[in-house]
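Below: one structure, written as structure tokens.
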Amino acid sequence: MTFTLATWNINSVRLREPIVQQLMQAEAPDVLCLQETKSPVDKIPLDGFAELGYRHIVARGQKGYNGVAILSRLPIEEVASEDFASLGHARHIAGRLENGVTIHNFYVPAGGDKPDREVNEKFGQKLDYLTEMRDYFAATPPEKSILVGDLNIAPREDDVWDHKKLLKIVSHTPIEVEHLAAVQEAGNWVDVTRKDITEGKLYSWWSYRAKDWDAADKGRRLDHVWATQDIAGSAHSSRVLRAARGWEKPSDHAPVFATFDL
DNA sequence: ATGGTAGTGGAACTA
């Protein structure tokens, strides 16, 4: 059985209902994981998604901020939702497909502007969130699992437009990269995107603030697809749909895809 | 060092 999965920080699922449908029609991933839905679950516009074949959903939401959803053409059953770092935020949902694969969908805290937990509480919360993710996967090692989402960290030098310039910028600081590596190690996660696309600059996010995001190309790879060792070898065809960053009323993130043969 | 844009919700917060 082959299925394709996409992850996309949508920055309001209600405002961007049209381009979510555009992605469904143009690319038709079997499973679409969204972050920053910024909507209570009961106000997500599901009818149009269902008409396009996405009849199954597991989600967490809140008013105005955060929010994660898995929209699926395949039946999916909710299996977990954790409040790491006890923030009271809707940042995690996990579901299981009928083939036994578990999908974790995360929206990791962005962490504020200053990379110093002494002066910026949000940065401390981000590190704590990652530490609790690590402990969660260390306590119960995942199997046949996929982890996706906006992890708000670009770990590699070629995941950012300028490594040296971003070393003190939140999302690319060494301490964040170390915390993310600890999560990856605890769960035996393989970075599927970088298993497939081993070399070269690769981004999934471009700031709204750039005059011309495409020409400036000052991007970062904040959105990730990971899989446990037991199924990572079946993954292929990873890609970032950069074109979606240029669609009508775009998100500042582009969707990231991977296909699994299981 | 600063300010640049976008979403929610109708000011101030978050990213």
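Each chain gets a letter, A, B and so on, in the order its sequence line appears, and its residues count up from 1. Both backbone and side-chain heavy atoms feed into the values below; hydrogens, waters and symmetry mates do not. All figures in this text were calculated on a predicted structure; none of them were measured in a lab.
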request  = Under the ring pair (Phe, Tyr, Trp, His ring centres under 6.0 Å) rule, collect the residues that match up with A/Phe123, sequence neighbours excluded.
outcome  = none
task = Would you kindly give the NZ-to-C1' distance between A/Lys211 and B/dA6, to the nearest whole Å?
result = 17 Å
query = Can you check the A/Trp205 CH2 to B/dT14 C1' distance for me, whole Å?
reply = 13 Å
query = Which other residues end up in the same hydrophobic cluster as A/Leu222, if Ile, Leu, Val, Met, Phe, Trp and Tyr are linked when side-chain heavy atoms come under 4.5 Å apart?
reply = A/Trp205
message = Does A/Arg209 contact B/dA15 through a side-chain donor or acceptor facing the base, at a distance under 3.5 Å?
response = yes
ask   = Out of A/Gln21, A/Glu17, A/Arg16, which one pairs with A/Ile19 under the side-chain contact (heavy atoms from CB on, under 4.5 Å) rule?
value = A/Arg16
inquiry  = Whole angstroms only, please: what is the CD1-P distance between A/Ile10 and B/dA6?
reply    = 16 Å
key: Euclidean distance, atom CG of residue A/Asp113 to atom C1' of B/dT2 [Å, nearest integer]   = 12 Å
key: Atom-to-atom span, CG of A/Asn11 to C1' of B/dT14 - whole angstrom   = 10 Å
message = I'd like the P distance from B/dT14 over to B/dG9, given in whole Å.
response = 15 Å
message = With the threshold set at under 4.0 Å for non-hydrogen atoms, list the residues of residues 147-154 of chain A touching DNA chain B in residue-number order.
response = none
ask   = What's the CH2-P distance between A/Trp213 and B/dG4, to the nearest Å?
value = 22 Å
ask   = Can you list every pair that meets ring pair (Phe, Tyr, Trp, His ring centres under 6.0 Å) and has a residue in residues 19-71 of chain A, with sequence neighbours left out?
value = none
request  = Name the nucleic acid region contacted by A/Arg91, choosing base, sugar-phosphate or nothing; use a 4.0 angstrom heavy-atom cut-off, strictly under.
outcome  = sugar-phosphate
key: Close side-chain approach of A/Arg239 and A/Glu27, heavy atoms under 4.5 Å   = yes
Within the sub-3.5 Å range, which N or O atoms of nucleotides 11-13 of chain B have a protein N or O partner, and how far apart are they?
none

ask   = With A/Asp191, which residues qualify under salt bridge (Lys or Arg N to Asp or Glu O under 4.0 Å), at least two apart?
value = A/Arg221
task = Only counting residues at least two apart or in another chain, list the ones meeting ring pair (Phe, Tyr, Trp, His ring centres under 6.0 Å) with A/His179.
result = none
request  = Look at the side-chain N and O atoms of A/Lys38 and state whether any lies under 4.0 Å from the OP1 or OP2 oxygen of B/dT14.
outcome  = no
inquiry  = Tell me every residue that passes ring pair (Phe, Tyr, Trp, His ring centres under 6.0 Å) with A/Phe3, counting only those two or more places apart in sequence or in another chain.
reply    = A/Phe260
key: Of the listed nucleotides B/dG7, B/dA15, B/dG9, the one nearest the side chain of A/Ser12   = B/dG7
query = Side chain of A/Arg16: nearest nucleotide among B/dG9, B/dG7, B/dA15?
reply = B/dG7
task = Determine the Euclidean distance between corresponding C1' atoms of B/dG4 and B/dA15; express it in Å to zero decimal places.
result = 14 Å
Verdict with supporting geometry, A/Val256 and A/His224, side-chain contact (heavy atoms from CB on, under 4.5 Å) = CA-CA 7 Å; A/Val256 181; A/His224 297 257; over 6 Å; no
task = Give the rounded distance in Å between these two atoms: NZ of A/Lys249 and C1' of B/dA6.
result = 8 Å
Closest-nucleotide 5' rank along DNA chain B - winner of A/Tyr208 and A/Asn66 = A/Tyr208
key: Nearest-nucleotide comparison on DNA chain B, the residue closer to the 5′ end among A/Asp252 and A/Arg14   = A/Arg14
ask   = Separation of A/Leu15 atom CG from B/dG9 atom C1', in whole Å?
value = 13 Å
Listed pairs under 3.5 Å, donor-acceptor, residues 133-143 of chain A side chains, sequence neighbours left out:
none

ask   = Taking the P atom of each, how far is B/dT2 from B/dA6, in whole Å?
value = 23 Å
